[in-house]
Amino acid sequence: MRSAALYKMLVNYFDPDESRILFRRASEQIGSENPDNDFLAICRDALALLQSLAAQPALAGSSVAPLINDCNESFFIAGTMFHINLDLPLDTNKYGPTIVSSSLQVRKLMATDPSYTAHEGFMRLWFSERCWAPGCSATFAREGRAFAACSGCNRVTYCTRECQARAWKHPDVPHRAICKQIKYLADATGVSAKPEADGMTPFRTVCTQRNVDRQALVAFSAHMVKLVEAVSFAPRFEEAQRMLRAASTEGRDEEAPST
Ligand SMILES: [Zn+2]
Ligand SMILES: [Zn+2]
């Protein structure tokens, strides 16, 4: 569960500065003495162990196999995201071959393929569970309700009509400049409002197959970068800390001897 909590957290805090702070806090919560790479060392060792388990013929078809797969996926995603966000060197001894090659591949994609960053944008819009008006920091968790989405694009959520109106005409990141393109991309790709965590590859394939407008993908990706900078993520740190605390307590309980 620790890796699931970390994964959820990472989706919510994708920008590098926040990721760095959270990484330190995550390391503190988990009890690391080496915050610069300890979490990645955990990922590296976990992946090596899980891959050797998955290769055992006796386990391959058993009921444990899906569990091994899930754990593998969580450490793989969390490790790759941390590696990218902390902009760490491509050192396979230190971070393991799986994470380093995945990090390299993703960095290339981020630089060259706007369908990659656009899918991240859709992921972020759904999983952040927040108001997307610049300057507002309201979240579903703190308000105790889900917010309604803009009826034009059906993807961008606001806590109030006032926030929506302000966001529509914002001087730097106006929603009205991107609303139609978000709707176009959602319709053209068929991406659901709640994107699948493993939906990146299908999304990119669909973009190529259906010849989805590259300019719209680029515009949406660029808009999301600006929007993430414009909204306040600060209160989400508290939520992440609570989540991490719960996850690390859970972890300790699991590790305690059952005598
Ligand atoms: Zn809209
Ligand atoms: Zn708001």
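Just so you know, these numbers use all the heavy atoms, side chains as well, and skip hydrogens, waters and symmetry mates. Counting convention: from 1, in listed order, for ligands and their atoms alike. Just so we're clear, the structure is a prediction, and the values are computed from it rather than from any experiment.
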K.L.:
Within the distance-only criterion (no hydrogens, no angle test), does the side chain of S102 pair as donor or acceptor with the backbone N or O of T98 below 3.5 angstrom?
P.N.:
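No, because the side chain of S102 does not come within donor-acceptor range (under 3.5 Å) of the backbone of T98.
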K.L.:
So does P89 get a backbone contact from the side chain of H83, meaning a donor-acceptor N/O pair under 3.5 Å?
P.N.:
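Confirmed, H83 side chain pairs with P89 backbone.
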K.L.:
Just jot down the salt bridge (Lys or Arg N to Asp or Glu O under 4.0 Å) partners of R204, sequence neighbours excluded, or say none.
P.N.:
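Testing R204 for salt bridge (Lys or Arg N to Asp or Glu O under 4.0 Å), a comparison that skips the adjacent residues, returns D113.
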K.L.:
Check whether any side-chain heavy atom of S192 sits under 4.5 Å from a side-chain heavy atom of W126, and report yes or no.
P.N.:
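In short, these two side chains do not touch, never coming nearer than 4.5 Å.
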K.L.:
Is the ring pair Y158/H175 parallel, tilted or perpendicular, if the boundaries are 30 and 60 degrees?
P.N.:
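Ring orientation of Y158 relative to H175: perpendicular.
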K.L.:
Are the side chain of S128 and the backbone N or O of R130 linked by a donor-acceptor pair below 3.5 Å?
P.N.:
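Not confirmed, S128 side chain does not pair with R130 backbone.
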K.L.:
Atom CG of D213 and atom CD of Q181: how far apart are they, to the nearest 0.5 Å?
P.N.:
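That separation rounds to 7.5 Å.
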K.L.:
Check for me: within less than 2.8 Å of the Zn ion (ligand 2), which protein N/O/S atoms show up?
P.N.:
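You should have found C131 SG, C136 SG, C159 SG, C163 SG.
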K.L.:
Among all residues two or more places apart in sequence or in another chain, which pass the salt bridge (Lys or Arg N to Asp or Glu O under 4.0 Å) test with D187?
P.N.:
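Partners of D187 under the salt bridge (Lys or Arg N to Asp or Glu O under 4.0 Å) test: K183.
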K.L.:
Report the protein N/O/S neighbours of the Zn ion (ligand 1) that fall below 2.8 Å; do not count waters.
P.N.:
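The answer, once waters are left aside, is C150 SG, C153 SG, H175 NE2, C179 SG.
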K.L.:
Between F122 and F220, how do the two ring planes meet: parallel, tilted or perpendicular, split at 30° and 60°?
P.N.:
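Judged by the thresholds at 30° and 60°, the geometry between F122 and F220 is tilted.
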